Undergrad: 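Would you mind keeping the following structure in view while I ask a few things?
Keep in mind that what you see is a predicted model, and the values were worked out from it rather than measured. Protein chains get the first letters and strands the later ones, always in sequence-line order, with residue 1 at the start of each.
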There are 2 protein chains.
Amino acid sequence: MKLTLDALEVLDAIDKKGSFAAAANALFRVPSTLTYTVQKLEEDLGFVIFRKEGRRSVLTPAGRVLLEEGRHLLLATQAMIDKAHQVDSGWEVSLNIALDTVWDIEQLLPILAEFQQLNTGVEINLLEEVMGGSLEALIEDRADIVLGGPPPSATIQGLQFKEMMQSQWCLVTAKDHPLTKTSLPLTNEMMTAYTSIVIKDSSRQSPIQSHRIMAKQKQIKVASMAQKISLIEAGIGIGFLPRHKIQGKLDEGTLVTLETAEPTQSTPQYCSWKRNNKGKAARWFIDRILSDKV
Amino acid sequence: MKLTLDALEVLDAIDKKGSFAAAANALFRVPSTLTYTVQKLEEDLGFVIFRKEGRRSVLTPAGRVLLEEGRHLLLATQAMIDKAHQVDSGWEVSLNIALDTVWDIEQLLPILAEFQQLNTGVEINLLEEVMGGSLEALIEDRADIVLGGPPPSATIQGLQFKEMMQSQWCLVTAKDHPLTKTSLPLTNEMMTAYTSIVIKDSSRQSPIQSHRIMAKQKQIKVASMAQKISLIEAGIGIGFLPRHKIQGKLDEGTLVTLETAEPTQSTPQYCSWKRNNKGKAARWFIDRILSDKV
DNA sequence: TAATTTGTTCGAAAAAACTGAACACTTTAA
DNA sequence: TTAAAGTGTTCAGTTTTTTCGAACAAATTA
């Protein structure tokens, strides 16, 4: 490779400053040094970069290619160096946290704020996944940490997990929904007459499965908990929702819970991660999230 | 920028050859030189690149980033140099030839073959455009040369053009089409009863216009001449086609021409290009195409 | 016309890169 | 177990590359 990054910086400076002299000044060198650098580069590459016009030099078309593409190269080089430094620091370049749609992002916000205070340079990406999808993201390395959702099945090696909370599911409708007028408690048969809102599993592999499906019930499948809440709030259907996600709306009265004949479920929510993850940020978040539980 | 491309090549060689000694041999240097280069790089960047394990050296995570991203950088650098050489040679890096759908690519093939013999390094891109679209491609610099279609309007500056041929349009149908049984010649009113196949203008700016539309006729709009021929051949509709494009099918008998009451049109086909185009390849193609006409 | 600004040339000096022998260490082979 | 071969490193000396600064020629400006 008969080209140096230094030479590209010289070209950049000459173009930016408008003359060899000004560029030399900016680079704390002497004009003749730049002449030498450019001439050497021209000789090495085998074509002319600057052509004299009057008392100043202008770029040839080939020289312009070198300048403009060279600038991108310089930026890419600096980005690479920065990334290597980041890796060397032990903090990840980026950390992907998958939030199961059951999970409440509110709980994560203070932890995120605290993390940003550390100035680690880690880029945090939040993904929203649904049920199976969150664990799949972990297995396929699209996520480093999963918050919420079921525990990993025992057949998958190398994953660790810890129960974080119990989420209490309750059957809810909009406040004006006809079911609110029915005699309570509700049996499954009574519910089948109404449209239910169901969250679709976001995993790509596993067959489509959803939570609490009832036979022959009219269904609308949605992509997230937020969508499910919106549709129920709009009176379009009914569904089971985790109490912690809708406490506010229950207090406001826009949503109401209905008593069911069968006892409502309570499903545990887990935090899962890969055991062999050595990154400082992943460790920090796991420690911080688990200690937060207490 | 405390990093040289040479150092990246050294890292690459060490990783490829598996040891400092082998890499030194491949680079026609002495092992101690590589030690010097790597140590200097480590000092400049401020982190360790190789760690000793047993009697050999292995990359640290940060070193691996440098190696892998550095390889991309080296490739990009070489690509840039190649491009600059190409520009310096006076031949374009790439040449875009827009073929109006009326044009027959067969005429261009021997010219393309001849051009490839020249080994110019120019990347040729063929675009198929329809009517207004071909000139629009020229104006918007998506194309360097346009073959076929109408001449540029006089209001557009800097475009040159030359008439290449007259294309003779004739009304055709599939051989079993009901119109073939009708008494000839056909008037416009007789045609309106049948679906006509029309090519849609591919230009984005100009309002949709198509060739030889007749009032209140059933239409199917297609995207290219080839599609139009296919649909007519399948008996789906009728349409005007340039004779040179379908001579083969007329000889075979899969398509038949119908006599029309009004005389069939003959539209000139032009070759258009930008006057200020200085590229050698554009010049070569224009000269070659124009001389071919004789 | 004189002064200023441009980039270049060239010899000398400084800096960087490279060499090769000696060395310390690990792994392999006898 | 010992010898041999292979690893990368150190270091003094050499070579090459880069930089400097003064002198210069040419174009522009005052």
Undergrad: Base, sugar-phosphate, or nothing: which does B:Ser57 touch, judged by heavy atoms less than 4.0 Å apart?
TA: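 If one applies the 4.0 Å heavy-atom cut-off, B:Ser57 turns out to touch the sugar-phosphate alone, with no base involved.
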Undergrad: Nearest whole angstrom, please: distance from the P of C:dA17 to the CG of B:Leu27.
TA: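 Going from B:Leu27 (CG) to C:dA17 (P), I get 15 Å.
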Undergrad: Nearest heavy-atom pair of A:Leu66 and A:Leu8: which atoms, and what distance?
TA: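 So the minimum-distance heavy-atom pair works out to O-CD2, 4.0 Å.
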Undergrad: Work out which heavy atom in B:Ser19 is nearest to a heavy atom in B:Arg56; give both atom names and the distance.
TA: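 Minimum heavy-atom separation between B:Ser19 and B:Arg56: CB-NH2, 4.0 Å.
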Undergrad: Reckon B:Tyr36 touches a base, only the sugar-phosphate, or nothing at all at heavy-atom distances under 4.0 Å?
TA: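 The answer is base, as B:Tyr36 lies within the cut-off (heavy atoms under 4.0 Å) of a base atom.
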Undergrad: Nearest to the A:Arg55 side chain among C:dT4, C:dC18, C:dT8, which nucleotide is it?
TA: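 Side chain of A:Arg55 sits closest to C:dT4.
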Undergrad: Quick one: A:Phe50 CZ to C:dT6 P, roughly how many Å, whole number?
TA: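 Distance check: A:Phe50 CZ to C:dT6 P gives 14 Å.
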Undergrad: Looking across every strand, which nucleic acid part, if any, lies under 4.0 Å from B:Ser19 by heavy atom: base, sugar-phosphate, or nothing?
TA: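 Sugar-phosphate only.
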Undergrad: Closest-nucleotide mapping onto DNA chain D: is A:Glu53 or B:Ser32 further toward the 5' terminus? I mean the 5' end.
TA: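 Its nucleotide being nearer the 5' end, the pick is B:Ser32.
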Undergrad: D:dT9 P sits how many Å from B:Arg56 CZ, rounded?
TA: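 Computing the B:Arg56:CZ to D:dT9:P distance gives 12 Å.
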Undergrad: Among D:dT9, D:dT19, D:dT7, which nucleotide sits nearest the side chain of A:Arg29?
TA: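 Per side-chain heavy atoms of A:Arg29, the pick is D:dT19.
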Undergrad: Got a second to check how far B:Ile145's CD1 is from B:Leu127's CG, nearest 0.5 Å?
TA: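 Here the rounded value is 11.0 Å.
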Undergrad: Could you check which of C:dT6, D:dT9, C:dG20 has an atom nearest any side-chain atom of A:Ala21?
TA: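 My answer, after comparing the listed nucleotides, is C:dT6.
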Undergrad: Could you give the CG-to-C1' distance, from A:Asn25 to D:dC20, as a whole number of Å?
TA: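 The answer, rounded to whole Å, is 15 Å.
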Undergrad: Could you work out which one of C:dA17, C:dT8, C:dT19 sits closest to the side chain of B:Thr33?
TA: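 Nearest listed nucleotide: C:dT19.
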Undergrad: For B:Ala137 versus B:Glu129, what's the shortest heavy-atom pair and its separation?
TA: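 For B:Ala137 versus B:Glu129, the nearest heavy atoms are CB-OE2, 4.3 Å.
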Undergrad: What's the closest nucleotide to the side chain of A:Phe20 if the choices are C:dT8, C:dA17, D:dT17?
TA: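 Nearest to the side-chain atoms of A:Phe20, counting from C-beta on, is C:dT8.
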Undergrad: When you measure from the side-chain N and O atoms of A:Gln39 to the phosphate of C:dG7, is any distance below 4.0 Å, counting only OP1 and OP2?
TA: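 False: A:Gln39 side-chain N/O out of range (4.0 Å or more) of C:dG7 OP1/OP2.
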Undergrad: Check the distance between C:dT9's P and A:Lys52's NZ and give it to me in whole angstrom.
TA: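 Atom NZ in A:Lys52 sits about 9 Å away from atom P in C:dT9.
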Undergrad: Measure the distance from CG on A:Asp44 to P on D:dT17 and round it to the nearest whole Å.
TA: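 In whole Å, D:dT17 P and A:Asp44 CG are 10 Å from each other.
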Undergrad: Within this structure, what is the CG-to-P distance between B:Leu34 and C:dA16, rounded to whole angstrom?
TA: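 Going from B:Leu34 (CG) to C:dA16 (P), I get 19 Å.
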Undergrad: Figure out the NZ/P separation between A:Lys40 and C:dC10, and round it to whole Å.
TA: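 After rounding, the reported distance stands at 18 Å.
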Undergrad: Would you indicate whether the side-chain heavy atoms of A:Phe115 and A:Leu95 approach each other to under 4.5 Å?
TA: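 No, every pair of side-chain atoms sits at 4.5 Å or beyond.
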